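One structure below.
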Amino acid sequence: MNLLTDYSIEELKQIVTDLGQKPYRAAQVFKWAHQFSPYEEMSDLPLEFREKLAAGFEPNALAEVKKLTSRDGTVKYLFRLNDGALIESVLMDYKYGRTLCISTQAGCRMGCAFCASGKDGLLRNLSAGEILSQLLYVNRGLKGTLKDRAVQNVVLMGSGEPLDNYDNVVKFIGLATAKEGINIGQRNISLSTCGVADKMKRLADEGHQIMLTVSLHATTDKERNMIMPVNRAYPIAQVLDASRYFFEKTGRRITFEYTLIKEFNMFEDDAFRLAAMLRGMPSHLNLIMLNDTGNKGIKACTREEAEKFKQLLEEKGVTCTVRRSLGSDIEGACGQLRRKG
Ligand code: SAH
């Protein structure tokens with residue numbers, strides 16, 4: 001069945017007029033849908049109209065199956081979509097506000113060696129409304145409203161590669177930033193990509209003002225090929241070129257993510273190459289402690305080793321942070337999102 005949250009107000013105008021209603025009803029439907037309201041709550045819509053809508057459209061995209069709270073307060077949600085597909089979202093509490101990490105695909109076809117999300121490949125893309133509904137559901141659960149959001153930031157860093165589901169992700173950005181809806185700012189949305197260079201450029205060309213995060217994770221093509229198959233299609237030079245392009249077009253500083261893998265990508269030579277790559281690139285570098293997903297040959301380093309690598313980078317003029325890992329005890333940390341059978 002169709003999903004109400006998949007439509008913009010313009011599209012809803014067509015739908016409501018086809019059902020014999022005045023176009024102004026579209027904004028009402030949009031608001032209710034973005035509050036994650038069931039039809040019973042849509043009190044300013046005539047009952048008969050609600051019944052007609054209900055015959056063709058689901059108001060809600062997902063249902064909560066499970067909710068796990070980590071020792072550090074991070075919350076992982078397991079959701080079932082209307083066709084039974086399962087996805088996860090993770091809510092983190094930062095000093096600057098609550099951040100919700102949402103999924104853009106059920107599964108992932110990128111096959112990064114260290115990541116659990118891609119282990120079974122791609123099940124399917126999520127629609128724009130399914131991506132958005134994760135935010136709408138959590139906002140409602142936290143007693144947030146459209147005027148007073150309970151979630152301040154959204155990161156497209158859950159399962160899936162957002163730029164492999166480009167059209168739906170772009171539509172999601174439009175819906176999430178609509179002033180009649182939850183109205184989140186473009187700068188409060190971060191999109192993380194494994195480096196689909198042509199789509200990164202397209203995002204910039206289309207004038208999107210979201211924040212872009214690029215998963216780098218290695219400093220030579222040989223090594224990046226070993227852990228990220230996407231590197232064969234878009235090698236490091238192309239990813240860096242697209243990153244620079246994005247900055248030049250949008251003025252938005254890029255964040256690079258670099259997951260530390262012991263005895264693999266954290267030698268002094270890596271620090272040299274990383275420093276050379278990022279020289280003159282307006283960006284920030286996040287070093288991520290690898291979360292163990294049980295992959296052979298991919299080992300996490302200690303905090304001390306991470307700090308040592310950070311220091312090597314700083315000596316070479318790169319500013320970076322070692323990112324705190326949240327939610328690992330509930331398998332809600334980076335790369336751990338994958339339902340256990
Ligand atoms: N497909 C996108 C977004 C999803 S992953 C991307 O690749 O960027 C979000 C981040 O978590 C990426 O930087 C990813 O490389 C990282 N990640 C994946 N598995 C991880 C793991 N086991 N430990 C730490 N970070 C991991």
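Just so you know, ligand 1 is whichever comes first in the structure, and atom 1 is the first atom listed for that ligand. Predicted model, so just to flag it, every value in this text is computed and none were measured.
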*If you measure from each non-hydrogen atom of Leu290 to ligand 1, which part falls under 4.0 Å: side chain, backbone, both or neither?*
both
*Subset of ligand 1 atoms that lie under 4.0 Å from at least one heavy atom of Gly160*: 1 (N), 2 (C), 3 (C), 4 (C)
*Where on Asn291 is there a heavy atom closer than 4.0 Å to ligand 1, on the side chain, on the backbone, on both, or on neither?*
both
*Would you mind checking which non-hydrogen protein atom is closest to atom 5 (S) of ligand 1, with the distance to 0.1 Å?*
Met157 O, 3.9 Å
_Tell me whether Glu305 is salt-bridged to Lys308, with the criterion being a basic N under 4.0 Å from an acidic carboxylate O._
no
*When you look for heavy atoms under 4.0 Å from ligand 1, do you find them on the side chain of Glu161, its backbone, both, or neither?*
both
*asked:* Exactly one of Arg50, Lys31, Arg140 should register a salt bridge (Lys or Arg N to Asp or Glu O under 4.0 Å) with Glu41. Which one does?
replied: Arg140
*Same cluster for Ile210 and Val196 if Ile/Leu/Val/Met/Phe/Trp/Tyr side chains link at under 4.5 Å?*
yes
*Please report which non-hydrogen protein atom sits nearest to atom 21 (C) of ligand 1, along with the residue it belongs to and the distance in Å to one decimal place.*
Cys334 O, 3.3 Å
*Tell me yes or no: between the side chains of Tyr234 and Asp198, is some donor less than 3.5 Å from an acceptor?*
yes
*Does ligand 1 have any atom sitting under 4.0 Å from a heavy atom of His217?*
yes
*asked:* Just to be sure I read this right, does ligand 1 sit under 4.0 Å from the backbone of Asp292, its side chain, both, or neither, counting only heavy atoms?
replied: neither
*Are Thr193 and Lys199 side-chain neighbours, meaning at least one heavy-atom pair lies under 4.5 Å?*
no
*asked:* With a 4.0 Å cut-off on heavy atoms, is Gly158 in contact with ligand 1?
replied: yes
_I want to confirm something. Looking only at heavy atoms, which of Ser117, Ser215, Cys101 is nearest to atom 6 (C) of ligand 1?_
Ser215
*Quick one: does NZ or CZ of Lys316 land under 6.0 Å from the six-membered ring centre of Phe272, within 45 degrees of the ring axis?*
yes
*Aromatic rings Tyr258 and Phe309: how do their planes relate, parallel, tilted or perpendicular, breaks at 30° and 60°?*
parallel
*Quick one: does Ser325 get a heavy atom under 4.0 Å from ligand 1?*
no
_Leu313 side, atom CG; Cys320 side, atom SG - distance, nearest 0.5 Å_ = 4.5 Å
_atom 19 (N) of ligand 1: the protein heavy-atom neighbour that sits closest, reported with distance to 0.1 Å_ = Gly335 CA, 3.0 Å
_Lys NZ or Arg CZ of Lys201 over Tyr245 ring: under 6.0 Å, within 45°_ = yes
*Subset of ligand 1 atoms that lie under 4.0 Å from at least one heavy atom of Cys115*: 18 (C), 19 (N)
*Would you tell me whether Thr255 and Asn286 have side-chain atoms, one donor and one acceptor, within less than 3.5 Å of each other?*
no
_I need the atoms of ligand 1 closer than 4.0 Å to a non-hydrogen atom of Thr293, numbered in the order shown._
22 (N)
_Can you report which non-hydrogen protein atom sits closest to atom 3 (C) of ligand 1, along with the distance?_
Ser192 O, 3.5 Å
*May I ask you to list the atoms of ligand 1 that are less than 4.0 angstrom from any heavy atom of Cys194?*
6 (C), 7 (O), 8 (O)
